[in-house]
Amino acid sequence: MVTRSRRLVMTASLMLVLGACGSRAQSSPESTAAPSAIAPSESVAASPDAGQTDTEWGRIWDTVPGDFPVFPGAAPADDGGGEPVSARFAVEGGDPEAIATWLQDALEQAMFSTLGLNGPGEDGGFAIDSTGDGECRIQTSVTPLGGQTFVSIRYGADCPAP
């Protein structure tokens with residue numbers, strides 16, 4: 001059986017390779033405002049046998065669906081983060097509020113309802129709580145740290161399988 005950390009490393013490596021081969025347009029590093037229109041996002045690599053993990057927030061999938069909205073210019077984060085998440089991305093620079101607003105709009109266009117957009121918190125970050133069909137819950141955190149903005153997604157286990 002593959003351990004969770006080994007699975008995360010393999011998934012992150014696959015996402016980096018797929019991202020390098022993708023055709024997504026990169027936003028300029030000087031731009032800190034969100035794009036004015038929602039552009040097609042890079043497809044997130046979803047494992048055909050995605051597992052689940054219990055967290056303090058609740059049970060989550062270990063990945064997100066391939067069509068899950070990703071902020072333009074975001075790349076899979078390789079810092080590991082501090083807690084289990086379904087996906088984690090890094091945006092060079094970026095305005096956390098603009099990124100959070102873009103993600104809220106993109107999630108709503110993907111048919112998820114927003115329960116709340118909270119922030120800025122003490123760390124300058126924002127949190128988006130969303131719901132889908134049935135008991136599906138998603139929590140998206142947007143947090144600035146060291147010149148980057150990190151987007152962490154908890155994709156609830158009651159959501160459709162990735």
Side-chain angles (χ1 to χ4, degrees), residues 8 11-12 14-46 50 55 57-58 60-133 136-156 158-162:
L8 284 173
T11 300
L14 176 61
M15 289 170 65
L16 286 172
V17 168
L18 289 174
C21 296
S23 61
R24 184 180 91 227
Q26 297 290 323
S27 64
S28 70
E30 300 86 38
S31 173
T32 58
S36 59
I38 295 181
S41 62
E42 171 182 342
S43 180
V44 178
T55 71
W57 181 79
I60 62 172
W61 287 100
D62 293 336
T63 189
V64 294
D67 60 352
F68 196 87
V70 177
F71 187 78
D78 59 3
D79 69 332
E83 55 194 68
V85 294
S86 303
R88 185 165 161 87
F89 299 94
V91 178
E92 286 297 322
D95 173 25
E97 184 172 14
I99 294 169
T101 301
W102 186 94
L103 287 165
Q104 177 186 9
D105 290 344
L107 286 165
E108 288 175 357
Q109 286 188 15
M111 307 310 287
F112 295 104
S113 298
T114 301
L115 291 176
L117 170 61
N118 302 304
E122 289 182 19
D123 61 359
F126 290 80
I128 307 164
D129 292 305
S130 307
T131 61
D133 292 336
C136 175
R137 296 182 315 136
I138 301 166
Q139 184 181 63
T140 306
S141 301
V142 180
T143 310
L145 180 64
Q148 292 184 313
T149 301
F150 290 91
V151 177
S152 299
I153 302 155
R154 291 186 180 112
Y155 184 71
D158 290 327
C159 296

statement: Interatomic distance, OG@S141 vs CH2@W57, rounded to 0.5 Å, equals 9.5 Å

query: If you look at every heavy atom in V85 and I153, which pair is closest and at what distance?
result: CB-O, 3.5 Å

- prompt: At what distance, to the nearest 0.5 angstrom, does OG1 of T140 lie from CZ of F68?
  reply: 5.0 Å

- prompt: Can you name the closest pair of heavy atoms from P160 and Y155 and give their distance?
  reply: O-OH, 2.9 Å

task: Quick one: pull up CD1 in I128 and CG in D105 and give me the separation to the nearest 0.5 Å.
output: 9.0 Å

Atom pair CD1/CZ of I99 and F89 - distance to nearest 0.5 Å: 12.5 Å

- prompt: What pair of heavy atoms forms the shortest contact from R137 to G58, and how long is it?
  reply: NH2-CA, 4.4 Å

Could you give the side-chain donor-acceptor pairs of residues 115-123 under 3.5 Å, partners two or more places apart or in another chain?
{"residue": "D123", "atom": "OD1", "partner": "G125", "partner atom": "N", "Å": "2.8"}

field: Heavy-atom closest contact (T149 atom, G94 atom, distance)
entry: OG1-O, 3.4 Å

task: Using the test side-chain hydrogen bond (donor to acceptor under 3.5 Å, both in side chains), find all partners of T143 that sit at least two apart in sequence or belong to another chain.
output: none

Atom of G156, atom of W61 and distance for their closest heavy-atom approach: O-CD1, 3.1 Å

- prompt: Who passes side chain to side chain contact (heavy atoms under 4.5 Å, CB included) against A90, sequence neighbours left out?
  reply: A77, Q148, F150

Spatial distance of atom CZ (F126) from atom OG1 (T101) [nearest 0.5 Å]: 7.0 Å

field: Smallest separation among heavy atoms of A74 and V91, with atom names
entry: CB-CG2, 3.8 Å

